[in-house]
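A quick write-up on the structure given underneath.
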Amino acid sequence: MSKLTSMREAIAELVRDGDSVAIEGFTHLICFAAGHEIIRQRKRNLTLCRLTPDLIYDQMVAAGCARKLVFSYLGNPGVGSLHAVRRAVEKGIPAPLELEEYTHFGMVARYIAGAANLPFYPVRTFAGSDLLRVNPLIRQVENPYGSGMVFVVPPLNPDVAIIHVQRADVEGNAHIWGLVGVQVEAAFAAKRVIVVAEEIVDEAIIRSDPNRTVIPGLIVNAVVHEPFGAHPSYAQGYYDRDTEAYIAWDTISREHQTLQQWLDEWVYGLSGRAEYVDKLGSQVWQRLKPDDAWSGQVNYGRYC
Amino acid sequence: MSKLTSMREAIAELVRDGDSVAIEGFTHLICFAAGHEIIRQRKRNLTLCRLTPDLIYDQMVAAGCARKLVFSYLGNPGVGSLHAVRRAVEKGIPAPLELEEYTHFGMVARYIAGAANLPFYPVRTFAGSDLLRVNPLIRQVENPYGSGMVFVVPPLNPDVAIIHVQRADVEGNAHIWGLVGVQVEAAFAAKRVIVVAEEIVDEAIIRSDPNRTVIPGLIVNAVVHEPFGAHPSYAQGYYDRDTEAYIAWDTISREHQTLQQWLDEWVYGLSGRAEYVDKLGSQVWQRLKPDDAWSGQVNYGRYC
Amino acid sequence: MDGYTASEMMIVAAARELTHARMVFVGIGLPNIACNLAQRTVAPHLELIYESGVYGARPSRLPLSIGDPCLVSGATGVVPMSQLLQYYLQKGLIDVGFLGAAQIDRYGNLNTTVIGDYYRPKVRLPGSGGACEIALMCRRVFIIARLNRRTFVEKLDFVTSPGFLSGGEARDRLGDYGEGPAAVITDMGIFRFEHTSHEMFLSSLHPGCTVESVQEQVGWPLRVADDLDVTSPPTEEELRIIREELDPAGMLRG
Amino acid sequence: MDGYTASEMMIVAAARELTHARMVFVGIGLPNIACNLAQRTVAPHLELIYESGVYGARPSRLPLSIGDPCLVSGATGVVPMSQLLQYYLQKGLIDVGFLGAAQIDRYGNLNTTVIGDYYRPKVRLPGSGGACEIALMCRRVFIIARLNRRTFVEKLDFVTSPGFLSGGEARDRLGDYGEGPAAVITDMGIFRFEHTSHEMFLSSLHPGCTVESVQEQVGWPLRVADDLDVTSPPTEEELRIIREELDPAGMLRG
């Protein structure tokens with residue numbers, strides 16, 4: 001049963017004003033194409049969940065899509081601040097932004113609880129941190145096997161998770177390699193899942209290596225084919241992280257005005273990712289293309 | 001730093017009388033070679049942990065190695081009872097056997113807690129079951145986010161875990177494909193880890209597909225090269241499960257006497273797995289050999 | 001065609017219960033064949049999920065255990081048990097589970113642990129395995145068992161897997177779990193559970209069986225539906241699929 | 001050879017702290033180079049583990065983030081963050097972690113969250129990321145920071161990552177965690193923590209620096225070791241490895 005659709009339709013149908021949305025991926029496979037489509041469709045009052053909001057949430061906050069962030073690290077990795085997020089938090093531009101803040105482990109634990117249908121998840125982090133003072137959702141339970149308390153976090157169940165993958169079949173069964181981050185937990189925790197793939201492959205490719213299948217089609221609502229959909233983040237084996245774009249963002253985003261101009265040019269002014277890819281130009285893709293490094297094969301055996 | 005050693009030395013050095021031992025693997029990759037060596041070295045008073053004790057613990061119980069089982073399913077899968085375990089439990093032959101019993105999920109949760117250094121792990125199973133009555137280690141904690149209690153189990157940290165894998169390098173970095181069961185959790189939960197591999201490969205093979213590495217050498221104490229070491233269990237892509245042996249065990253094990261004769265012939269009477277493989281004969285291995293079914297490759301990319 | 005075995009009738013009756021089901025936790029043996037039959041008849045989109053960690057299996061032979069390597073090769077996916085039990089089963093993604101038992105009571109509670117006293121057992125049975133969590137967490141549970149008085153008992157020696165416990169709202173009080181047993185499929189008829197008392201009643205008799213012959217095999221005074229059905233016998237097509245496609249060697253339909 | 005930069009001195013000082021260390025949680029930048037230098041000098045068996053889920057990396061270029069694809073290709077293993085945080089870090093497998101901070105106090109507590117009031121921040125900083133759990137769960141923690149009064153403050157605006165809290169046994173009372181900060185490596189000297197009070201003291205001055213010049217950059221009356229060392233300057237070999245092998249483009253040693 002094919003779930004293949006366009007990014008425009010997937011976002012229009014599955015992301016609603018007021019939703020909580022998780023576009024996950026730790027450095028790797030961050031679906032900028034979906035974030036841009038959400039901006040284009042002017043979705044509003046979203047609660048954006050991600051360990052590292054990265055550039056994509058900086059852009060969505062600047063575009064006025066978000067009312068809240070649930071996160072653990074607010075930075076432009078390796079470069080510096082997320083200026084749009086800071087403007088919203090420090091100055092209320094373009095609108096105030098509520099923050100709900102954890103550590104990486106706290107966020108991962110929230111997704112695990114959400115994926116596993118547990119009322120809470122125990123972690124040994126947080127002790128001694130002022131996070132306990134500012135986040136009343138971090139609580140404690142008593143250890144029934146000894147003395148002492150254990151910190152717990154509640155489940156995080158986003159309305160929508162958007163998971164970028166290297167390849168998927170039309171039902172949404174997906175292979176990921178390289179960093180997997182919390183993609184699996186975010187997908188199982190979410191009420192609706194959009195899989196965005198660099199390549200749509202025949203199910204025979206998925207079935208040739210079932211241990212590589214990290215997202216099962218049975219939790220997927222829509223499948224979108226969007227090559228280069230993760231730029232300026234990356235897809236292992238397909239293209240490199242565009243460090244220059246991450247550095248350039250620091251300048252672009254320092255002023256609300258220049259940032260809006262960038263959104264006009266690169267988001268509102270384009271119909272979708274295909275135009276973005278064209279506009280970026282082939283020399284950028286040449287620069288980002290890695291050489292080959294093949295995994296080798298394993299033998300599953302045919303048992304008759 | 002090579003940790004390559006013989007099965008004899010690995011068991012002699014790392015398994016001690018009175019230890020808790022987990023030879024894990026769900027149907028797949030059960031290390032019979034290690035169990036037989038433990039019998040040969042007449043280890044005593046072991047607490048044997050496994051979801052499904054399978055034939056290997058039936059043999060170890062009959063040989064007098066065990067004082068206790070920690071488990072969730074006591075059967076000869078697809079065939080019937082584990083007669084030696086039943087004799088020990090029902091009649092104290094050759095010695096009484098203590099049982100500590102969970103469900104599959106309860107056991108998996110115990111390993112997770114052990115691997116994660118958590119004082120307990122929450123699960124939503126057990127409700128309404130008499131297991132609560134007979135296992136005082138299954139407890140409850142209050143849900144701090146709402147009403148109601150949640151069941152928890154304590155960590156399981158075996159002294160030794162024995163993990164059979166398809167291939168490993170000499171440091172113990174190991175690839176598994178096919179069913180992974182609780183191999184990863186058992187390994188991280190254990191104080192000492194023995195990796196037993198069908199093939200020892202160059203570390204370049206491991207590094208060619210890092211997402212396939214499920215056991216890291218950094219938790220491994222010894223690496224043993226033991227082809228066919230999982231028979232009559234199986235190794236995906238290498239040999240089939242020997243269903244005939246599982247069926248034959250039902251007859252062999254019905255009487256303590258015939259079982260002891262089998263141990264004399266197939267365990268005590270052999271120096272190790274190599275002799276076992278020879279004695280079984282090439283026609284058995286021909287019968288169990290699958291045809292090829294290759295996984296295909298993925299491209300990790302070389303980034304310069 | 002009136003030549004069919006009691007096992008074939010059970011397989012067919014179980015398969016028909018799966019109309020429109022989407023995800024089913026499969027055991028080996030009759031449930032496995034029933035699910036495969038349902039895929040080819042009433043539930044073309046049925047996904048088979050195995051406790052061992054496999055989903056979307058395309059077995060090239062009849063699997064002999066839920067850990068059979070033939071389930072893995074060519075499957076859609078394989079996951080660690082920690083994921084399967086937490087993210088699939090406990091998450092509530094599984095519509096249907098199948099269970100068997102050594103003892104069943106009138107509320108669909110199941111014993112697979114012990115006959116006699118737990119600490120001095122007459123017969124030590126396998127224990128729960130995954131049965132307790134399947135009984136709690138699958139949306140609906142089907143119990144498959146051959147009818148006889150040793151199995152269908154007044155009182156269990158041990159509750160391994162909860163059905164409706166003491167009946168009425170007892171199961172609801174456990175918390176937010178699946179609906180519990182939907183039916184008991186036997187070689188003589190199909191049992192269901194009353195809506196409020198949750199007591200088992202005979203809902204449908206297989207052809208050739210009588211209420212009296214069924215009652216003889218049940219250890220409590222059996223309730224019988226006012227509108228007691230007779231199960232439709234297997235169709236030619238159902239039998240053809242079983243005999244030619246699913247169990248050509250006749251290992252399970254005998 | 002007396003031509004070396006303050007960054008090179010910091011890298012060399014950090015690397016030397018890793019003598020015999022086995023598993024280290026690596027950040028990007030100076031800690032990454034320090035670890036790579038240690039592998040080639042004082043800790044040949046050092047394993048580098050990245051929060052992103054990579055271990056045993058063999059990067060073909062200088063990684064620009066802990067999620068750089070060059071860390072994955074050719075690595076020993078890649079695992080989901082859930083495993084890395086639980087089975088490696090929380091399990092206690094990691095010997096050493098490196099942390100930086102916007103504010104550090106005399107007990108090695110770190111602030112990376114906010115300058116000013118949390119709810120009306122003057123500067124909103126990145127927050128914890130994995131720093132809080134690294135501070136708690138690595139056996140030992142090394143803090144790397146350039147010395148100045150904005151960073152080395154009397155009182156933090158926010159405790160993101162606990163060091164020794166209020167000193168004395170305050171950290172022990174948290175429970176069974178790592179030992180806490182072992183040293184603070186700066187561009188002017190190395191600080192360590194007293195055994196009982198756990199207050200930071202100046203342990204070693206880098207060549208050319210004075211106690212007075214250090215005190216000027218620290219926002220509290222600094223304790224100084226009775227046997228204050230002078231840090232050995234980088235050796236020719238250390239500088240050669242940094243300049244020729246680890247950072248030939250000079251991105252980090254400037």
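Proteins come first, then strands; the chains are lettered A, B, ... in the order of their sequence lines, and each starts at number 1.
For a residue to count as touching a neighbouring chain, one of its non-hydrogen atoms must lie under 4.5 Å from one of that chain's; by this rule Tyr121(B) touches chain C with the side chain only. Heavy atoms of Leu179(B) lying under 4.5 Å from chain C belong to its backbone as well as its side chain. When heavy atoms are compared at a cutoff of 4.5 Å, Thr103(B) approaches chain C by way of both its backbone and its side chain. Looking at Leu131(B), both its backbone and its side chain come within 4.5 Å of chain C, counting heavy atoms on both sides. Only the side chain of Val108(B) comes within contact range of chain C, with heavy atoms under 4.5 Å apart. Contacts of Val123(C) with chain B are made by both backbone and side-chain atoms, with heavy-atom separations under 4.5 Å. Both the backbone and the side chain of Ala127(B) come within less than 4.5 Å of a heavy atom in chain C. If you measure heavy-atom distances from Tyr118(C) to chain B, the contacts under 4.5 Å come from the side chain alone.
Side-chain contact between Pro80(C) and Val182(B) is absent, with no heavy atoms from C-beta onward closer than 4.5 Å. Contact annotation: the side chain of Pro69(C) never approaches that of His28(B) to less than 4.5 Å [non-hydrogen atoms, C-beta and beyond]. Residues Asp130(B) and Thr160(C) have side chains not in contact (no heavy-atom distance under 4.5 Å, counting atoms from C-beta outward). Counting heavy atoms from C-beta outward, Phe26(B) and Ile66(C) have side chains that approach closer than 4.5 Å. With a 4.5 Å cut-off on side-chain heavy atoms, Glu133(C) and Phe126(B) do not count as touching. For the pair Tyr234(B)/Asp68(C), no side-chain contact is recorded, criterion being any heavy-atom separation below 4.5 Å from C-beta on.
Of all non-hydrogen atoms in Arg124(C) and Leu99(B), the two that sit nearest each other are NH1-CD1, 3.7 Å.
Below 4.5 Å, heavy atoms of chain C meet heavy atoms from Arg86(B), Val89(B), Glu90(B), all part of residues 82-91 of chain B. Listed in order of number, the residues of residues 81-88 of chain C that approach chain B to under 4.5 Å between heavy atoms are Met81(C), Ser82(C), Leu85(C), Gln86(C). Near-neighbour residues of residues 96-114 of chain C relative to chain B, defined by a heavy atom under 4.5 Å from a heavy atom of that chain, comprise Thr113(C).
Between atom OH of residue Tyr50(C) and atom OG1 of residue Thr27(B) there is a gap of 12.5 Å, rounded to the nearest 0.5 Å. Taken to the nearest 0.5 Å, the CZ atom of Arg124(B) stands 9.0 Å off from the CG atom of Leu136(C). Met137(C) CE to Thr125(B) OG1: the interatomic distance, rounded to the nearest 0.5 Å, is 5.0 Å.
When the side chain to side chain contact (heavy atoms under 4.5 Å, CB included) test is applied to Asp172(C), the partners found at least two apart in sequence or on another chain are Glu169(C).
Comparing Gly80(B), Gly178(B), Gly181(B), Pro77(B) by how many heavy-atom pairs each has under 4.5 Å with chain C, the most go to Gly181(B). Most heavy-atom pairs under 4.5 Å with chain B, from the set Val72(C), Leu71(C), Asp176(C), Leu165(C): that is Val72(C). The most heavy-atom pairs under 4.5 Å with chain B, out of Pro126(C), Gly67(C), Gly175(C), come from Pro126(C). Most heavy-atom pairs under 4.5 Å with chain C: of the set Phe105(B), Tyr102(B), Tyr73(B), this distinction falls to Phe105(B). Chain B forms more heavy-atom pairs under 4.5 Å with one residue of Ser52(C), Gly127(C), Ser65(C) than with any other, namely Ser52(C).
Heavy-atom contacts from other residues, nucleotides or ligands closer than 6.0 Å to CD of Gln297(B) number more than 12. Other residues, nucleotides and ligands contribute only 12 or fewer heavy atoms inside 6.0 Å of the CD atom of Glu255(B).
A donor-acceptor contact closer than 3.5 angstrom links the side chains of Gln236(B) and Ser73(C).
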For the pair Ser128(C) and Glu101(B), evaluate side-chain hydrogen bond (donor to acceptor under 3.5 Å, both in side chains) and give the outcome as yes or no after the intermediate values.
CA-CA 9 Å; Ser128(C) 164; Glu101(B) 176 162 14; over 6 Å; no

